Amino acid sequence: MSLNPIKPILVVGASVGGSTAANTLVNAGVPVILLERDLSFVKPCGGALPPVAFDEFDIPKALISRKVRKAMIHSPTERTAEIDVVGLKPGRDEFVAMTTREELDSYLRDRAVENGAELIEGKLVDLARHANGVTATYTPKGSQELVSLEVEAVIGADGAYSTTARLLGLPRLPYCMAIQERIQLPEDKMARWEATADLYLGQQVSPDLYAWAFPKADHVAVGCGAGVGKTQQMRQLLCNLKDRLAQELAGGEVFMREAHALPMHPRDHIAFERVMLVGDAAGLVVGTSGEGIYWAMKSADLAAKTLIETLPDTSEAALRQYERQWWKSYRTMYRFLQWLQKWGYGNEKQMEVFTDMCRNKDVQRLTFESYMYKQMTPVSWPAQMRMTADIVAAQARHYIKV
Ligand SMILES: Cc1cc2nc3c(=O)[nH]c(=O)nc-3n(C[C@H](O)[C@H](O)[C@H](O)COP(=O)(O)OP(=O)(O)OC[C@H]3O[C@@H](n4cnc5c(N)ncnc54)[C@H](O)[C@@H]3O)c2cc1C
């Protein structure tokens, strides 16, 4: 590539995805404008992240608010499956990292700026693609003034309600609304959450996903999600969850309430003439776990690397390399996790089966290895047979009345 494009690349949204794309680009000498609607915005999020993200994206471990070493799955009837994260790979310190988004996002954004990205606080309102580039129009925060930028290409990292996608004429993705409260607990109550994250299943608490209680250094984040047509029930679902957790949360004080959309389906196309979409704007949250931070950073990094390779060519044909490579690497995983979400959370009986399935050690190893290391580990025949037998037995237990 020519490392001196005449115009900068515009990255829309300076959250985990946008700041990662900006950083990759500036480190390769490509000029970047990073446009963020509101620098004080804190993304509503559980903040759970696999440790591999810290190594891959060179994030300081000091940003880990708490290390979770055990996950508890609670079925609708309060049967539990306990999953130890520790010991999956001998000799490795294994945990799920809990972060707070105010800290993580600020770090990633500041790093991109220190490395050379120009940060503007303003909201993208228009995009016009033409033969020589893209004219992007934004309104600075707190103003109605329209300001234009001439850029070479655009990376849309502007989340589930992506303005970039809308300006391309793309439809809004099906989404689930997720709501979360952050609760400060008395010290003696925090001990319960020392190193355990809890996931709750049930139509009464989270009909389309799971509900969660994730521990942070000084508080617990409690939340749940509801899909299309059920968002009106969200507050009630959260009340139900807090009722279920009444004992554990007794004496706690809510200091933050937050809600946001979570895309439920990836877009068919994520690369276009002079524009690429990454993270939630592209719908790249994975099913079953609702994990999106790692995938936003990963897709942003890949989109940026594609641009570095193809510049000054920003045609659709060139940028489609990003899309092709993404789906070649991850299509099977997305499809499998979408299927698992429908299968496992489809109804309450199925949620009971899902909980039983999570007790199976082979399933635990497979799930956690793929979450922790982002690799689909091959499964031996005996393990496959043990998993199948356990699942069939669980189906029979919950569906066949004796
Ligand atoms: C309640 C909840 C809990 C979650 N928990 C987890 C979890 O525990 N682990 C996990 O991995 N994932 C979780 N997710 C998903 C995760 O939050 C997202 O997948 C991730 O933040 C996506 O990153 P992103 O950079 O693509 O977009 P976002 O983080 O959504 O950032 C988009 C950015 O674009 C900016 N923006 C939007 N429009 C414009 C515009 N017109 N102009 C300029 N800027 C704009 C926004 O202000 C924002 O800063 C959760 C999501 C929710 C809602």
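The structure displayed is predicted, hence computed values, not measured ones.
With sequence neighbours excluded, the residues that form a side-chain hydrogen bond (donor to acceptor under 3.5 Å, both in side chains) with Glu291 are Trp295, Lys374. Checked against salt bridge (charged side-chain N to carboxylate O under 4.0 Å, His left out), Arg331 has no partners two or more places apart in sequence or in another chain. Among residues two or more places apart in sequence or in another chain, the salt bridge (charged side-chain N to carboxylate O under 4.0 Å, His left out) test is passed with Lys328 by none. Residues forming a salt bridge (charged side-chain N to carboxylate O under 4.0 Å, His left out) with Arg101 (at least two apart in sequence, or on another chain): Asp105. The salt bridge (charged side-chain N to carboxylate O under 4.0 Å, His left out) search around Asp158 returns none, not counting sequence neighbours.
With values rounded to the nearest 0.5 angstrom, Asp208 atom CG is found 3.5 Å from Lys230 atom NZ. Interatomic distance, Glu152 CD to Leu311 CG, rounded to the nearest 0.5 Å: 6.5 Å. Atom CE of residue Met351 and atom CE of residue Met357 lie 13.0 Å apart, to the nearest 0.5 angstrom. With rounding to the nearest 0.5 Å, the separation of OG1 in Thr139 from CG in Leu124 is 9.0 Å.
Within a 6.0 Å sphere centred on CG of Asp188, other residues, nucleotides and ligands contribute more than 12 heavy atoms.
Taking the six-membered ring for Trp and thresholds of 30 and 60 degrees, Tyr334 and Tyr330 have ring planes more than 60 degrees apart, a perpendicular arrangement. Using a 30° and 60° split on the angle between ring planes, His260 and Tyr161 fall in the tilted class, from 30° to 60°.
At distances below 3.5 Å, not a single donor-acceptor pair connects side-chain atoms of Thr355 with backbone N or O atoms of Thr80. Formation of a donor-acceptor pair under 3.5 Å by the Arg69 side chain with backbone atoms of Phe95 is not found in this model.
No donor-acceptor contact under 3.5 angstrom links the side chains of Thr310 and Gln321, judged on distance only. Under the 3.5 Å distance criterion, with hydrogens and angles disregarded, a donor-acceptor pair is assigned to the side chains of Arg274 and Thr314. There is a side-chain donor-acceptor pair under 3.5 Å between Asn240 and Gln236. Side-chain contact annotation: Tyr399 with Gln350, donor-acceptor N/O pair under 3.5 Å present. Remark: the Thr100 side chain and the Glu103 side chain contain an N/O donor-acceptor pair separated by less than 3.5 Å.
Salt-bridge formation is detected for the pair Lys61/Asp55: a Lys NZ or Arg NE/NH1/NH2 atom is positioned less than 4.0 Å from an Asp or Glu carboxylate oxygen.
A cation-pi contact, defined as under 6.0 Å to the ring centre and within 45° of the axis, links Arg37 to Phe41.
Pairs of residues two or more places apart, or lying in two chains, that qualify as side chain to side chain donor-acceptor pair (under 3.5 Å) and include a residue from residues 167-185 are Glu102-Arg182, Gln180-Trp212, Gln180-Glu258, Glu181-Lys242, Glu181-Arg257, Arg182-Glu258.
A ring-centre distance under 6.0 Å is found for Phe354 and Tyr345. In this structure, Trp193 has its ring center no closer than 6.0 Å to that of Phe214.
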